[in-house]
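A short worksheet on the structure shown next.
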Amino acid sequence: MSVSQGTWSKADKSEWQRQRLQSEMSRGLYSKTGPVSQYLANEPTPRHAPAPDDSKRSAPTRDEVEQAATDGKVLSFNGDSTCFSELSWQDGIVDAVFTNGYAYSAELDLDDFLDWVADDSVGGYFNEVLGQDFFAPKQTKGE
């Protein structure tokens with residue numbers, strides 16, 4: 001196959017990738033049961049597998065969440081984030097731990113916290129809505 005750079009068809013690229021991965025797998029660079037072997041066997045990989053059925057466990061209603069907040073319980077974000085490793089709220093204070101390990105606390109209304117954790121990206125919401133200086137110390141007049 002004499003193909004110049006940048007003109008590979010999808011089929012050519014796929015074949016080249018399969019040959020390369022097969023070669024690397026035979027040298028022991030990949031697990032024989034991992035995603036690469038699944039790809040080579042045309043099995044669905046975890047990111048292509050059907051989503052698990054969580055219909056048995058229903059999410060709490062807004063009223064239930066507000067009641068838990070009124071009762072003083074800690075509300076925790078349990079979604080996926082590449083920005084935050086922990087995000088929780090209790091009694092008007094949000095506690096956030098970034099994936100780099102830095103931890104901060106700040107005052108935040110319950111409605112704002114619920115909007116934050118309901119967003120598709122808690123990191124994006126933090127950057128775009130709250131602002132990167134959200135956890136910065138508040139300066140008082142005269143400082």
Side-chain angles (χ1 to χ4, degrees), residues 3 5-143:
V3 178
Q5 185 178 4
T7 60
W8 288 43
S9 70
K10 282 188 172 188
D12 289 340
K13 183 177 179 182
S14 178
E15 181 58 29
W16 169 82
Q17 184 177 33
R18 284 179 174 282
Q19 289 175 1
R20 181 182 60 86
L21 290 173
Q22 187 64 48
S23 170
E24 291 173 353
M25 187 187 246
S26 67
R27 294 190 320 238
L29 296 177
Y30 300 109
S31 163
K32 295 194 183 295
T33 59
V36 171
S37 66
Q38 289 175 333
Y39 169 76
L40 292 172
N42 292 322
E43 296 174 4
T45 57
R47 69 178 184 177
H48 296 109
D53 184 16
D54 289 339
S55 60
K56 293 177 181 128
R57 193 185 90 197
S58 63
T61 65
R62 175 87 179 211
D63 290 340
E64 291 170 334
V65 171
E66 288 176 352
Q67 184 59 51
T70 301
D71 294 343
K73 295 186 178 176
V74 176
L75 307 180
S76 297
F77 171 70
N78 62 355
D80 294 327
S81 174
T82 58
C83 185
F84 295 98
S85 60
E86 294 178 35
L87 191 57
S88 62
W89 182 95
Q90 184 178 28
D91 299 326
I93 303 294
V94 65
D95 295 311
V97 180
F98 289 82
T99 55
N100 65 6
Y102 289 105
Y104 299 93
S105 297
E107 291 181 4
L108 187 70
D109 292 334
L110 175 61
D111 287 336
D112 292 333
F113 177 75
L114 294 177
D115 288 345
W116 185 359
V117 297
D119 198 82
D120 289 337
S121 169
V122 290
Y125 186 94
F126 173 75
N127 289 328
E128 296 166 14
V129 178
L130 297 176
Q132 292 183 348
D133 61 347
F134 175 72
F135 290 114
K138 308 290 189 249
Q139 290 189 347
T140 59
K141 196 173 191 176
E143 285 187 24

| message | Are Val129 and Asp119 packed together at the side-chain level, in the sense that at least one heavy-atom pair is separated by less than 4.5 angstrom? | response | no

| Closest heavy-atom pair and its distance - Ala69, Trp89 | CB-CZ3, 3.5 Å

| query | At their closest point, which heavy atom of Val97 faces which heavy atom of Ala103, and how far apart are they? | reply | CG2-CB, 3.9 Å

| request: Grab the two heavy atoms, one from Val94 and one from Trp116, that are nearest each other, plus how far apart they are. | output: CG2-CZ3, 3.8 Å

| What distance do Leu21 atom CG and Trp16 atom CH2 have between them, rounded to the nearest 0.5 Å? | 8.0 Å

| Smallest separation among heavy atoms of Val65 and Leu75, with atom names | CG1-CD1, 3.9 Å

| field | Considering all heavy atoms, the nearest Leu87-Ala96 contact | value | CD1-CB, 3.7 Å

| note | Closest non-hydrogen atoms of Gly123 and Cys83, given as atom of the first, atom of the second and distance, are CA-CB, 3.8 Å

| task | Show your working on side chain to side chain contact (heavy atoms under 4.5 Å, CB included) between Asp95 and Glu86 and close with a plain yes or no. | result | CA-CA 8 Å; Asp95 295 311; Glu86 294 178 35; over 6 Å; no

| Crowding at CG, Asn100 (>12 non-hydrogen neighbours, <6.0 Å) | yes

| Backbone of Glu66 reached by a side-chain donor or acceptor of Thr70 within 3.5 Å | yes

| said: So Asp111 and Arg62, do their side chains get closer than 4.5 Å, heavy atoms only? | reply: yes

| Under the 3.5 angstrom rule, does the side chain of Asp71 hit a backbone N or O of Lys73 as a donor-acceptor pair? | no

| task | Scan Phe113, Tyr104, Phe98 and name whichever one has a ring pair (Phe, Tyr, Trp, His ring centres under 6.0 Å) with Phe126. | result | Phe98

| Do Lys10 and Lys13 come within less than 4.5 Å of each other through their side chains, counting heavy atoms only? | no

